[in-house]
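Contents: one structure, followed by commentary.
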Amino acid sequence: MFGLIDCNNFYVSCERVFRPDLNGKPVAVLSNNDGYIIAVSNEAKHLGVKRKPVFEFKEEIEKYNITLFSSNYTLYGDMSSRVMSILSQMVQNIEIYSIDEAFLDFEGHNNLETFGKEITHTVTKNTGIPVSLGIASTKTLAKIANKFAKKHKAYHNVCIIDNEEKRIKALQLTPIEDVWGIGRRIAKKLNLYGVTTAYEFTQQSQSWVRKMFTITGERTWKELKGIACIDIEEIPPQRKQICTSRSFGKMLTDYDNISEAIATHASSCANKLRKQKAFANSLMVFIHTNCFREDLPQHCQNIVIDLPVATNDSIEIVHYALQGLKHIFVEGFQYKKCGVIITEISNHSQGNLFDAVDRDKRDTLMQIIDKLNGRGSVIKLASQGNSKEWHLKQEQLSPRYTTNWSDVIEIKCR
DNA sequence: TCTGGGGTCCTAGGACCC
DNA sequence: TCTGGGGTCCTAGGACCC
């Protein structure tokens, strides 16, 4: 049996752990640049707030006094690892699926009802984050069970689908667009053929599903029928791509500002590479104007650069990324976003006879920088600059309660 | 005025080769 | 009136996930 555990309204819950006064009150968390709502508390959901641009809910926010937070990924990342570490202690095999979700392998466990409740209870008690658990014979069904656990209080956070009757009932109550692997487009197409629930989807013939929705659709179809096709992946597969990009807090026209952003993104990619002990063979740099502004001239451009020697050296990666930027930057446009993508990754670096870089020395330098930097950022390259022109808008940022000494909360005893 | 960021997988179609 | 067939590799684009 598979379990899917999922933190309820994760970002909101993280904020509430340190702001218990907000329990029971409407809260929302914003995207980078505070432009978009990306997490909503149940109370705010009931007021009609959705994951959409903030300005669409200006009225509700004022009227109901909804508390907003800029996203604080340092805090969420740290809370996530606390949750995951508790889960790893309780279950042998776990696949961390996203910042707030994990699949659990229940092979060999009996009495899943009791064990499941013990898991959810322990996580919430030790971290303050409320969680829900769905259990079933496939990952896709466990996802569905999880939705029921979250939606209906009577389950007390744990829902198990462990017989045919429950499976069919659950599928009949699940709209097709809520199924893991069925997105907006495919749901719409299925609707056209009269398929609106997960159950109706499973009643179609396998060959039709295969023909219309390729092997991915067929896999979902099988999983819904209880045939497990997707296994727990304990060791995260090596990334095939590493990307860092951001929208700017405001539109930028100046090359120097954008080059500071590119240098910072490139350096962040290099960090991510070193963390997984991998090397870049090539990278892509891109810049965009704001495509929502139809009144302004648009310019979107990218360039791929092959690196002479596979590397994870920040200095080198930044150097090539900036070289790329020089090629694609055009004066006179108002840019809104840029980024660096490492497009080809390998596990080792093969030397090059004509290599002018002293790799051993650089390696040591990077190790020292990584050690000093730890979680925060102490050392950066000169090209990353100091101007804050391109930085995010984060007007409602909460303190880094768990990762910054000066932000740790004080408890006063009387 | 304000519109996230970071990933994956699959397919179709073109280029090229024999 | 006819213009092969099959294979590989690459890229762009579409779809999905959180």
Side-chain angles (χ1 to χ4, degrees), chain A residues 4-11 28-40 50-59 61 68-73 76-77 80 95-103 139-140 143 146-147 176-190 210-220 223 229-230 233 236-251 261 265 268-269 271-272 276 282 284 286 288-296 300 302 304 306 334 336-345 392-396:
Chain A
L4 175 73
I5 193 154
D6 178 308
C7 302
N8 303 349
N9 312 321
F10 183 55
Y11 296 170
V29 176
L30 308 177
S31 65
N32 284 330
N33 286 317
D34 292 348
Y36 216 87
I37 294 175
I38 55 169
V40 189
K50 296 200 173 96
R51 295 174 48 138
K52 283 187 164 185
V54 199
F55 67 86
E56 292 185 26
F57 300 101
K58 216 174 154 212
E59 233 172 81
I61 290 165
L68 301 180
F69 288 97
S70 301
S71 33
N72 184 343
Y73 286 103
Y76 311 150
S80 170
E95 172 187 341
I96 298 172
Y97 179 65
S98 74
I99 192 163
D100 74 325
E101 271 178 75
F103 285 104
K139 280 178 155 183
T140 308
K143 275 259 186 190
N146 181 277
K147 289 215 175 179
I176 188 65
E177 63 269 24
D178 287 357
V179 173
W180 186 45
I182 307 284
R184 255 196 357 262
R185 301 292 178 104
I186 290 178
K188 211 169 167 186
K189 196 165 156 192
L190 279 166
R210 168 77 188 231
K211 200 176 78 198
M212 301 292 289
F213 306 102
T214 75
I215 59 167
T216 36
E218 189 186 22
R219 198 167 52 206
T220 301
E223 283 250 322
C229 308
I230 314 172
E233 281 183 33
Q238 166 124 176
R239 301 241 164 279
K240 293 174 179 161
Q241 210 177 69
I242 285 174
C243 169
T244 306
S245 72
R246 292 283 182 284
S247 300
F248 308 130
K250 57 184 179 193
M251 302 219 248
H265 297 335
S268 142
C269 284
N271 278 333
K272 293 180 192 173
Q276 65 174 57
S282 71
M284 181 198 274
F286 69 85
H288 283 187
T289 47
N290 184 349
C291 47
F292 290 102
R293 291 290 299 273
E294 283 165 9
D295 53 321
L296 295 176
C300 301
N302 66 54
V304 175
D306 291 319
Q334 302 196 43
K336 182 63 184 170
K337 183 175 180 176
C338 74
V340 176
I341 307 175
I342 307 294
T343 42
E344 256 180 89
I345 296 176
L392 300 173
K393 204 164 100 190
Q394 290 183 306
E395 287 169 354
Q396 326 278 343

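The chains referred to below are lettered A, B, ... by the order of the sequence lines, with proteins before strands, and numbering in each begins at 1.
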Measuring only between side-chain heavy atoms, which start at C-beta, is [X] closer than 4.5 Å to [Y]?
X: A:Ile345; Y: A:Gln276; answer: yes
X: A:Leu296; Y: A:Met251; answer: yes
X: A:Asn33; Y: A:Leu392; answer: yes

State which of [options] makes the closest approach to the side chain of [X].
X: A:Thr244; options: B:dG4, B:dG6, B:dC10; value: B:dG6
X: A:Phe55; options: B:dC2, B:dG6, B:dC10; value: B:dC2
X: A:Arg185; options: C:dC16, B:dG4, B:dG5; value: C:dC16
X: A:Ile186; options: C:dC18, B:dG4, C:dA15; value: C:dA15
X: A:Ser31; options: C:dC18, B:dT3, B:dG4; value: B:dG4
X: A:Ile215; options: B:dT3, B:dG4, B:dC10; value: B:dC10
X: A:Lys272; options: B:dG5, B:dG7, C:dC18; value: B:dG7
X: A:Lys240; options: B:dC9, B:dG7, C:dC17; value: B:dC9
X: A:Trp180; options: C:dC18, B:dG4, B:dT3; value: C:dC18
X: A:Ile38; options: C:dC16, B:dG4, B:dC10; value: B:dG4

**OP:** Using the P atom as the reference point in each nucleotide, state the distance between B:dT3 and C:dC18 in Å, no decimals.
**Re:**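 To the nearest whole Å, 24 Å.
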How would you label the contact of [X] with the nucleic acid (heavy atoms, under 4.0 Å): base, sugar-phosphate, or nothing?
X: A:Ser247; value: sugar-phosphate
X: A:Lys188; value: nothing
X: A:Glu56; value: nothing
X: A:Leu30; value: nothing
X: A:Asp34; value: nothing
X: A:Val29; value: nothing

From [atom1] of [X] over to [atom2] of [N], roughly how many Å is that when rounded to an integer?
X: A:Tyr36; N: B:dT3; atom1: OH; atom2: P; answer: 11 Å
X: A:Ile182; N: C:dC17; atom1: CD1; atom2: P; answer: 8 Å
X: A:Met251; N: B:dT1; atom1: CE; atom2: P; answer: 11 Å
X: A:His265; N: B:dG5; atom1: NE2; atom2: C1'; answer: 11 Å
X: A:Asp6; N: C:dC17; atom1: CG; atom2: C1'; answer: 13 Å
X: A:Phe57; N: B:dT3; atom1: CZ; atom2: P; answer: 15 Å
X: A:Asn302; N: C:dT11; atom1: CG; atom2: P; answer: 12 Å
X: A:Ile345; N: B:dG7; atom1: CD1; atom2: C1'; answer: 11 Å

**OP:** Return yes if some donor-acceptor pair links the side-chain N/O of A:Glu233 with the main-chain N/O of A:Glu95 below 3.5 Å, else return no.
**Re:**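 Checked: no pair found.
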Original post:
Can A:Asp6 and A:Asp100 be said to form a side chain to side chain contact (heavy atoms under 4.5 Å, CB included), step by step?
Top reply: CA-CA 6 Å; A:Asp6 178 308; A:Asp100 74 325; 3.7 Å; yes
Original post:
For DNA chain C, which ranges pair as stems of 3 or more consecutive Watson-Crick or G-U pairs, with both donor-acceptor distances under 3.5 Å?
Top reply: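 When the pairs of DNA chain C are grouped into runs of at least three, the stems are B:5-18 with C:5-18.
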Original post:
Are A:Lys143 and A:Glu101 close enough for a salt bridge, meaning some N to O gap below 4.0 Å?
Top reply: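 Salt bridge flag = yes for A:Glu101 with A:Lys143.
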Counting only side-chain N and O atoms of [X], is one of them less than 4.0 Å from OP1 or OP2 of [N]?
X: A:Arg219; N: B:dC9; value: no
X: A:Arg293; N: B:dC2; value: yes
X: A:Ser245; N: B:dG4; value: no
X: A:Lys337; N: B:dG4; value: no
X: A:Ser98; N: C:dC17; value: no
X: A:Lys336; N: B:dT3; value: yes

**OP:** Give the ring-plane orientation class for A:His288 versus A:Phe286, where under 30° counts as parallel, over 60° as perpendicular and anything between as tilted.
**Re:**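 Aromatic pair A:His288/A:Phe286 classed tilted.
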**OP:** Given side chain to side chain contact (heavy atoms under 4.5 Å, CB included), test A:Ile341 with A:Ile242 step by step and report yes or no.
**Re:** CA-CA 6 Å; A:Ile341 307 175; A:Ile242 285 174; over 6 Å; no
Original post:
Which residue, A:Thr214 or A:Arg246, contacts DNA chain B at a nucleotide closer to its 5' end, judged by nearest heavy atom?
Top reply: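 Of the two residues, A:Arg246 wins.
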**OP:** Kindly indicate, with the supporting measurements, whether the criterion side chain to side chain contact (heavy atoms under 4.5 Å, CB included) is fulfilled by A:Ile61 and A:Lys58.
**Re:** CA-CA 5 Å; A:Ile61 290 165; A:Lys58 216 174 154 212; 5.8 Å; no
**OP:** Mark yes or no for a side-chain to base donor-acceptor pair under 3.5 Å between A:Arg239 and B:dG6, with no hydrogen or angle criteria applied.
**Re:**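 Such a pair does not exist between side chain and base.
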Subject >> Smallest separation among heavy atoms of A:Ser245 and A:Lys337, with atom names >> reply: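 Of all heavy-atom pairs spanning A:Ser245 and A:Lys337, the closest is OG-CE, 3.7 Å.
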